[in-house]
Number of protein chains: 2
Amino acid sequence: MNIRVAIVEDDPDIRQSLSLLVRGTPGYELCGAFESAEAALEGLPGVRPEVVLMDINLPGRSGIECVRQLKAGRPGIQVVMLTVFDDSEDLFNSLSAGASGYLLKRTPPARILEAIAEVHRGGAPMSPQIARMVVEKFFPADVARPRKVELSGREEEVLQLLSQGYRYKEIAAALGLAVDTVHSHLRRIYEKLHVTSRTEAVVKFLQR
Amino acid sequence: MNIRVAIVEDDPDIRQSLSLLVRGTPGYELCGAFESAEAALEGLPGVRPEVVLMDINLPGRSGIECVRQLKAGRPGIQVVMLTVFDDSEDLFNSLSAGASGYLLKRTPPARILEAIAEVHRGGAPMSPQIARMVVEKFFPADVARPRKVELSGREEEVLQLLSQGYRYKEIAAALGLAVDTVHSHLRRIYEKLHVTSRTEAVVKFLQR
DNA sequence: CGTCCGTTAACCCGTTTGGGCGATTGCCGG
DNA sequence: CCGGCAATCGCCCAAACGGGTTAACGGACG
């Protein structure tokens with residue numbers, strides 16, 4: 001049996017992409033796509049979805065409120081929230097409104113399909129960053145801290161300067177190194193931290 | 001009368017630059033330049049400096065320890081610490097060791113000369129970022145909070161995504177905008193926050 | 001009604017960054 | 001003595017970024 005999926009998403013482009021994704025994949029079936037919370041509440045009951053992909057940032061009333069009302073009427077419907085912001089406020093409100101999954105829109109298409117299947121069989125799919133927020137909510141402090149990335153002394157220094165907004169050449173000047181050396185250190189740092197840009201590295205550094 | 005200045009700095013390039021700066025400016029006089037804490041403690045008493053520019057990250061023993069010993073023998077000598085790292089640990093240790101000024105090496109040359117003069121007449125020159133750390137140490141929380149930068153809703157969203165490590169085109173995709181539009185928003189954000197790079201903006205955002 | 005501002009978008013242009021190589025020098029620990 | 005790793009520097013190249021400038025549109029506000 002196909003999984004009946006409905007989509008609530010205001011951005012036409014994204015709605016289109018998601019629709020194509022669901023319709024184009026065997027085992028999934030698109031039973032509706034809505035561009036607002038109002039339209040969704042109006043139309044959803046008629047199309048009997050099993051899983052709803054719900055954008056959280058809808059223009060009129062929020063996707064969170066939409067979920068609450070939807071679950072009130074049809075508690076059996078499973079909802080996966082989609083958002084571009086990893087805001088913890090939204091996350092917990094969504095979960096308490098009855099959403100089971102929570103994905104960032106960055107999530108690759110294949111992962112979204114998996115998530116639909118997971119939520120359909122009772123799971124609670126969420127992006128790793130999101131899962132982390134949940135864990136930290138209930139196990140504050142250090143349980144969730146395998147933060148054991150071992151940077152060498154030099155790498156630590158380079159990262160610190162990077163986090164102060166220095167450019168490659170400024171770091172080089174400050175530490176008395178060649179720019180290419182800084183470049184090398186940065187590549188190793190990114191590798192160790194599993195990131196691909198200075199910003200991600202800085203975020204990890206600032207939240208040590 | 002010229003101000004007698006001594007320099008303690010291991011990096012030959014920087015030592016050279018500082019030496020030239022001091023020697024080339026009327027009203028200042030270079031009475032010694034040392035490349036290590038040991039050499040400085042050995043040679044400083046003989047050259048009778050009034051102000052010492054002290055690098056904090058010396059290879060052997062730290063510039064902080066050097067200051068402590070120096071001030072123990074000649075409390076009248078004024079010390080300005082120089083560092084590339086805005087580490088609060090180092091800052092407070094330096095101040096308790098007897099340093100009066102604290103500058104980041106990014107400081108423009110003219111400002112360094114000013115600092116020497118200021119410390120010489122009893123002031124406590126420090127880089128703005130450093131001064132802020134001191135203030136926040138003694139007035140925690142909100143006294144030091146003129147953080148009233150008013151970003152518009154859209155700008156707030158763009159900045160949040162930027163702080164999650166999104167690239168321009170990813171932000172554009174996430175918000176349904178053209179890359180050039182994101183570019184525009186970013187320029188305004190940088191202007192409002194008085195920064196010139198994504199990293200500086202992210203740092204300000206994360207410490208809201 | 002005119003003006004400011006937020007939002008959108010585009011063009012140009014130089015600089016910065018990130019990734020993929022490779023290479024040398026030390027030092028440490030088996 | 002050899003392998004591994006930190007630290008250093010190099011070259012190439014494409015993509016991303018930051019800044020300058022311009023411009024259209026719509027709402028807000030006096």
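This one's a predicted model, so the numbers in the text were calculated from it and none came from an experiment. A, B, ... follow the sequence lines: proteins, then strands. Residue 1 opens every chain.
Regarding Asp180(B), its CG atom lies at a distance of 13 Å from the C1' atom of dA23(D), rounded to whole Å. The distance between atom CG of Leu162(A) and atom C1' of dG18(C), rounded to the nearest whole Å, is 12 Å. Across the protein-nucleic acid pair, Arg198(A) atom CZ and dG18(D) atom C1' stand 12 Å apart, rounded to whole Å. Spacing between atom CD of Glu156(A) and atom P of dA6(D) amounts to 13 Å, rounded to whole angstrom units. If you measure from atom CD of Glu155(A) to atom C1' of dC5(D), you get 10 Å, rounded to the nearest angstrom. Between the CG atom of Leu159(A) and the C1' atom of dA7(D) there is a distance of 17 Å, given to the nearest Å. Distance, Tyr166(B) OH to dC17(D) C1': 19 Å, rounded to whole Å. Atoms CD (Glu191(B)) and C1' (dC5(C)) sit 12 Å apart, rounded to a whole Å.
Within a 6.0 Å radius of CD in Glu114(B), other residues, nucleotides and ligands contribute more than 12 heavy atoms. Remark: Glu29(A) CD is packed, more than 12 non-hydrogen atoms of other residues, nucleotides or ligands lying under 6.0 Å away.
In this structure, of dT8(C), dA9(C), dG6(C), it is dG6(C) that holds the atom nearest to the side chain of Ser152(B).
You'll find the side chain of Ile77(A) stays beyond 4.5 Å of the side chain of Leu44(A), heavy atoms only.
Arg15(B) places a side-chain N or O within 3.5 Å of a backbone atom of Asp10(B) that can act as its donor or acceptor partner. Under the 3.5 Å distance criterion, the side-chain polar atoms of Glu200(B) are matched with a main-chain donor or acceptor of Thr196(B). In terms of modelled atom types and a separation under 3.5 Å, the side chain of Tyr102(A) and the main chain of Ile130(A) share no donor-acceptor contact.
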Heteroatom pairs (N/O) under 3.5 angstrom, protein to nucleotides 19-22 of chain C:
from	atom 1	to	atom 2	distance (Å)
dG19(C)	N7	His183(A)	NE2	2.9
dG19(C)	N7	Arg187(A)	NH1	3.3
dG19(C)	O6	His183(A)	NE2	3.4
dG20(C)	N7	Arg187(A)	NH1	3.1
dG20(C)	O6	Arg187(A)	NH1	2.3

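The two residues Glu156(B) and Phe205(B) have their closest heavy-atom pair at OE2-CE1, 3.8 Å.
Comparing Leu186(A) and His185(B) by the nucleotide of DNA chain C whose heavy atom lies nearest to each, the residue mapping closer to the 5' end is His185(B). Heavy-atom nearest nucleotides on DNA chain D were determined for Val179(A) and for Arg188(A), and the one closer to the 5' end corresponds to Arg188(A).
By the 4.0 Å N-to-carboxylate-O rule, Arg188(B) lies too far from Glu191(B) to be salt-bridged with it.
Less than 4.0 Å separates DNA chain D from at least one heavy atom of each of the following residues of residues 167-178 of chain A: Leu177(A), Ala178(A).
In this structure, Lys192(B) reaches the dG6(C) phosphate: one of its side-chain N or O atoms is under 4.0 Å from OP1 or OP2. Between dT8(D) and Thr181(A), no contact under 4.0 Å exists linking OP1 or OP2 to a side-chain N or O.
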Please table the atom pairs, donor to acceptor, closer than 3.5 Å between any side-chain atom in residues 49-58 of chain B and protein atoms at least two apart or in another chain.
from	atom 1	to	atom 2	distance (Å)
Glu50(B)	OE1	Arg4(B)	N	2.6
Glu50(B)	OE2	His120(B)	NE2	3.2
Asp55(B)	OD1	Asn57(B)	N	3.3
Asp55(B)	OD1	Lys105(B)	NZ	3.2
Asn57(B)	OD1	Thr83(B)	OG1	3.4

